[in-house]
Amino acid sequence: MAILKIVKYGDPRLRQKTKDVLKFSKKIKVLVADMLDTMYANNGVGLAAPQVGEALRIFVIDVSEPNEPYNPIVFINPKIIKKAGAMNSYEGCLSFPQAYTNVKRYSHIIIKAQNLDGRFFTMESKGDTLLTKALQHEFDHLNGILFVDHARDVDETNKILEEFQLNPIESDKWLKEEDLEAEIQAQPKNVEEQMQEAVDGEN
Ligand code: ZN
């Protein structure tokens, strides 16, 4: 059990391709235990192997609430087998200390992966939840994709990155995703916003 050093944005290891885990060995079990220790020590909800310098297709998440028991979930060799819909997601990343921004995400995801014993499982997540966001964010890390690559507003995101002394968005990595953006824009506003508008209208 150890807390590992987290690789920070700008380090090429965050962009490297990762390899499938072929042997569910003791070494892999130790790495996963260390990744969980590292994630909890940094109050993260997810951590991917490239973030600790390992080019392997492994990520861990725990989206339990602070008042709930720990619920770590390990994803090895994950594949996204369905993605649909679109939503805004306000996200940060342990490799980007303190920087948060709005990004585009799918609103419905089905992921298939193996657990630490090599057994396959499927997980579905729908709607604007931490789980739906975390699954996509961590999965992306295994393909060298970072959350700022999905930024909805490049200029705004660059300002935020600059504020925290981080490099600007790498323009050749930024994903256009015009269809996702159009779908987010087209969504009816949430109930809270509509209520506030109604109140404002009365004044
Ligand atoms: Zn991240």
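Counting starts at 1 for both ligands and their atoms, following the listed order. Treat the numbers as computed from the prediction; the structure is a model and nothing was measured.
Within a 6.0 Å sphere centred on NZ of K8, other residues, nucleotides and ligands contribute more than 12 heavy atoms. In this structure, Y100 places its OH atom where only 12 or fewer heavy-atom neighbours from other residues, nucleotides or ligands lie under 6.0 Å away. No more than 12 heavy atoms of other residues, nucleotides or ligands sit less than 6.0 Å from atom NZ of K126.
Within the 3.5 Å criterion, the main-chain N or O of G127 finds a donor-acceptor partner in the side chain of T132.
Remark: aromatic rings of F139 and F75 are distant, center separation not under 6.0 Å.
Near-neighbour remark for the Zn ion (ligand 1): protein N, O or S atoms under 2.8 Å are C93 SG, H137 NE2, H141 NE2; waters not counted.
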Mind running salt bridge (Lys or Arg N to Asp or Glu O under 4.0 Å) on E181 and K176 for me, showing each step along the way? CA-CA 9 Å; E181 182 61 30; K176 268 197 159 172; over 6 Å; no
